[in-house]
Every structure is written in C-alpha cells, then in structure tokens.
Amino acid sequence: MGYYDTAQVCKNGHVITGYYDKYPDSRKAFCDNCGAPTVTHCDGCGKAIKGQYDADRASFPTPYSRPSFCPYCGKPYRWTALKLQAAKELVETLDGLDADDRRLLGQSLDDLMTSSPKTEVASLRFKQIMKKVGRESYDVVKKVVPDL
C-alpha cells in the first residue's frame with residue numbers, strides 16, 4: 001500500500017520537492033527561485049504538507065503540484081494567502097474603478113480562491129468589472145488571478 005510523502009515548498013509557493021522524506025538530498029533551506037525560506041508543515045495546524053504519493057509497486061507517479069489549502073485545518077497555505085493579498089492590493093491600484101467596483105472585486109477574489117457555489121458568480125462579476133480597466137491593467141491582473 002502506498003503513502004504520501006511530505007512536501008517542501010518555499011513561503012512564496014515554489015515547490016522544492018514532493019519527496020522530502022524519501023530523498024533527503026533534495027531538501028533546501030531556501031528557495032533557489034526567490035530566496036525565501038522553505039516549509040514542510042502548515043502554519044495553521046502544524047501538520048505536514050502532503051507531498052507526492054509513493055506506491056509500493058513500480059508505477060509512474062503524476063507530477064506533484066502544491067496544494068492551496070491544508071486538508072487538515074482548511075486554512076490557506078502561506079503562498080495562497082500571499083497571492084490573494086497581492087491580488088487585493090493590485091485591485092486598489094486599478095484606474096477606472098469606483099469604490100463599489102473595488103469592494104465587489106475584492107469580495108470576488110475571495111470567492112475565486114475556492115470551488116464553491118459562489119465561484120461562478122464571482123467569475124462573472126470579475127469579468128464584468130475588469131472590462132472597465134484598460135488592457136494593460138487587465139493583463140497584469142490576469143497574471144495574478146489565474147493562480148487563485
């Protein structure tokens with residue numbers, strides 16, 4: 001029977017390894033992409049970040065992708081929270097939006113983070129409000145928001 005190894009991810013969300021326990025040589029104290037310290041446990045509950053699934057038999061593992069939320073306490077991992085914070089700060093700098101648009105867009109970003117009944121509504125609202133900003137601003141926001 002297989003098991004999940006522990007993952008190591010930098011505080012900005014770059015995956016260091018999905019096999020922290022199995023391959024100790026792949027561990028790094030700091031990220032070689034951004035220099036941020038790395039973590040292996042949830043800040044909220046202290047449980048290990050679920051890494052790559054390792055089967056007992058020979059198999060072809062799927063590529064590891066970092067999770068956005070802790071499956072044990074439900075809180076967003078640090079990189080997810082940072083991405084949302086950056087998106088909300090970006091909304092505050094957009095030209096062509098009034099206070100209501102900014103407030104609605106900020107609320108929509110919260111709903112875009114999760115898969116819930118509100119996600120589709122938030123997506124439509126986001127698209128409608130983003131029509132009011134220029135192409136350059138839209139392109140910048142598009143780079144940040146898809147990761148949410």
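- Nearest heavy-atom pair across Thr17 and Ser26 is OG1-OG, 3.3 Å.
- Across every non-hydrogen atom of Tyr4 and Gly51, the tightest pair is CD2-O, 3.3 Å.
- We find the CG-CZ distance between Leu94 and Arg102 to be 6.5 Å, quoted to the nearest 0.5 Å.
- For Tyr72, the ring-ring contact (aromatic ring centres under 6.0 Å, His included) test picks out no residue, with sequence neighbours left out.
- In this structure, SG in Cys45 is found 8.5 Å from NZ in Lys75, a value given to the nearest 0.5 Å.
- In the hydrophobic cluster analysis, where Ile, Leu, Val, Met, Phe, Trp and Tyr join through side-chain heavy atoms closer than 4.5 angstrom, Val39 is grouped apart from Tyr20.
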Review item, side-chain donor-acceptor pairs of residues 119-126, under 3.5 Å, at least two apart:
| residue | atom | partner | partner atom | Å |
| --- | --- | --- | --- | --- |
| Thr119 | OG1 | Asp111 | O | 3.3 |
| Thr119 | OG1 | Thr114 | O | 2.6 |
| Thr119 | OG1 | Ser116 | N | 2.9 |
| Thr119 | OG1 | Ser116 | O | 3.1 |
| Arg125 | NH1 | Ser108 | OG | 3.0 |

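- You'll find the side chain of Met113 reaches within 4.5 Å of the side chain of Pro76, heavy atoms only.
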I'd like a table of donor-acceptor pairs (distance under 3.5 Å, sequence neighbours excluded) in which one partner is a side-chain atom from residues 7-14, with atom names and distances.
| residue | atom | partner | partner atom | Å |
| --- | --- | --- | --- | --- |
| Gln8 | OE1 | Lys28 | N | 3.1 |
| Gln8 | NE2 | Lys28 | O | 2.7 |
| Gln8 | NE2 | Thr38 | OG1 | 2.9 |

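- In the displayed structure, Glu136 atom CD is contacted under 6.0 Å by at most 12 heavy atoms of other residues, nucleotides or ligands.
- Tyr64 pairs by the ring-ring contact (aromatic ring centres under 6.0 Å, His included) definition with nothing, not counting sequence neighbours.
- By the neighbour-count criterion of 12 heavy atoms within 6.0 Å, atom CG of Asp139 is densely surrounded, having more than that number from other residues, nucleotides or ligands.
- Between the CG atom in Leu90 and the OG atom in Ser137 there is a gap of 7.5 Å [rounded to 0.5 Å].
- In this structure the side chain of Tyr77 reaches within 4.5 angstrom of the side chain of Cys70, judged on heavy atoms.
- The CD1 atom of Ile49 sits 8.5 Å away from the OG1 atom of Thr6 when rounded to the nearest 0.5 Å.
- In this view, Phe30 satisfies the ring-ring contact (aromatic ring centres under 6.0 Å, His included) rule with no residue, not counting sequence neighbours.
- For the atom pair NZ of Lys47 and OG1 of Thr40, the computed distance is 14.0 Å after rounding to the nearest 0.5 Å.
- Linking Ile, Leu, Val, Met, Phe, Trp and Tyr whenever their side-chain heavy atoms come within less than 4.5 Å puts Val91 and Met130 in one cluster.
- Within the structure, salt bridge (charged side-chain N to carboxylate O under 4.0 Å, His left out) contacts touching residues 18-27 (residues at least two apart or in different chains) are Lys22-Asp54.
- Electrostatic pairing of Lys118 and Asp110 does not count as a salt bridge here, judged by no charged N lying under 4.0 Å from a carboxylate O.
- Heavy-atom minimum distance, Leu97 versus Ile129: CD2-CG2, 3.6 Å.
- When hydrophobic clusters are built by joining Ile, Leu, Val, Met, Phe, Trp and Tyr residues whose side-chain heavy atoms come closer than 4.5 Å, directly or via intermediates, Leu84 is grouped together with Leu104.
- No single ILVMFWY cluster, assembled from side-chain heavy atoms under 4.5 Å apart, contains both Ile16 and Leu82.
- For the atom pair NZ of Lys88 and NZ of Lys83, the computed distance is 15.0 Å after rounding to the nearest 0.5 Å.
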